[in-house]
Amino acid sequence: MKIGELADRTGVSVRALRYYEEKGVLRPDRTAAGYRIFTDADVRTVSHIQRLLAAGLGMDLIGQILACLSGDTLLLDACRERLEAERRRITGDIDQLVHTRSLLDDLLATTRAPARRSA
DNA sequence: CTTCTTACA
DNA sequence: TGTAAGAA
């Protein structure tokens, strides 16, 4: 399928799709006229990209993670290391957020204002 | 009409 | 990422 159809089927803009290719996470074939040709597998790949992007990962890392999903067993170990490193990173982020939340909870508990009446 | 590339009030 | 411009 051409880029327009992939865009429709994924809800991702044509612009973003071309950007993903530029980043190497998508490698569509080209027609003689230079049109990008995507496969059905690319529809799923784009879904993965969306999830990873939503998780706060950068395109660089996403490219590496997607490479793991491509089933290249020779790179599997290296891929696992990357994924484990990212897992540790987000765990740190989560800890930070939990800490910040408790800080806000304390603040809210000590700044509770008296009930207001309607104006 | 759709896609391509390049570039940026 | 959007959008504009010129070409295919």
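Residue numbers begin at 1 in each chain, while the letters A, B, ... track the order of the sequences.
Going from atom CD of A:Glu22 over to atom C1' of B:dT5 covers 11 Å, rounded to whole Å. In this structure, A:Arg36 places its CZ atom 7 Å from C1' of B:dC4, rounding to the nearest Å. Counting to the nearest Å, the C1' atom of B:dT2 and the CZ atom of A:Arg30 are 14 Å from each other. A:Met1 has its CE atom 12 Å from the P atom of B:dT3, to the nearest Å.
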Acceptor/donor pairs from residues 98-106 of chain A side chains to any protein atom, 3.5 angstrom cut, sequence neighbours excluded:
| residue | atom | partner | partner atom | Å |
| --- | --- | --- | --- | --- |
| A:Thr100 | OG1 | A:Gln96 | O | 3.0 |
| A:Thr100 | OG1 | A:Gln96 | NE2 | 3.4 |
| A:Ser102 | OG | A:His99 | O | 2.7 |

Below 3.5 Å is the cut-off: list the nitrogen or oxygen pairs between protein and nucleotides 3-8 of chain C, distance only.
| residue | atom | partner | partner atom | Å |
| --- | --- | --- | --- | --- |
| C:dT3 | O4 | A:Arg15 | NE | 3.1 |

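Separation of atoms CG (A:Asp8) and OG1 (A:Thr10) is listed at 8.0 Å; rounding is to 0.5 Å. Here the straight-line distance linking atom OG1 of A:Thr39 with atom CG of A:Asp29 works out to 8.5 Å at 0.5 Å rounding.
Residue contacts for A:Arg18: at a heavy-atom cut-off of 4.0 Å it reaches a base atom on one of the strands shown.
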Pairs under 3.5 Å (Watson-Crick or G-U), crossing ones as [ ], inter-strand ones as |: DNA chain C comes out as .|||||||
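Contact check on A:Glu86 versus A:Arg89 returns a salt bridge, with a Lys/Arg side-chain nitrogen under 4.0 Å from an Asp/Glu carboxylate oxygen.
Sorted by first and then second residue, the salt bridge (Lys or Arg N to Asp or Glu O under 4.0 Å) pairs involving residues 39-48 of chain A (not counting sequence neighbours) are A:Arg9-A:Asp40.
For the pair A:Arg36 and A:Arg30, the minimum side-chain heavy-atom distance is below 4.5 Å. Using a 4.5 Å heavy-atom threshold, the side chains of A:Pro28 and A:Leu26 count as touching. The shortest distance between side-chain heavy atoms of A:Tyr20 and A:Val12 falls below 4.5 Å. At least one side-chain heavy atom of A:Ile37 sits under 4.5 Å from a side-chain heavy atom of A:Lys2.
Contacts between residues 46-58 of chain A and DNA chain B, defined by a heavy-atom separation under 4.0 Å, are absent. Within residues 2-11 of chain A, the residues having any heavy atom closer than 4.0 Å to DNA chain B are, in order of number, A:Lys2, A:Ile3, A:Gly4.
Closest heavy-atom contact between A:Val25 and A:Thr45: O-CG2, 4.0 Å. Scanning both residues, A:Ser13 and A:Ala7, for their nearest heavy atoms gives C-CB, 4.4 Å.
Under a hydrophobic-cluster definition in which Ile, Leu, Val, Met, Phe, Trp and Tyr are linked whenever side-chain heavy atoms come within less than 4.5 Å, directly or via other members, A:Leu53 and A:Leu83 are assigned to the same cluster. Using a 4.5 Å cut-off between side-chain heavy atoms of Ile, Leu, Val, Met, Phe, Trp and Tyr, with links allowed through other members, A:Val14 and A:Phe38 fall into the same hydrophobic cluster.
For A:Tyr20 and C:dT1, the shortest distance from a side-chain N or O to OP1 or OP2 is below 4.0 Å.
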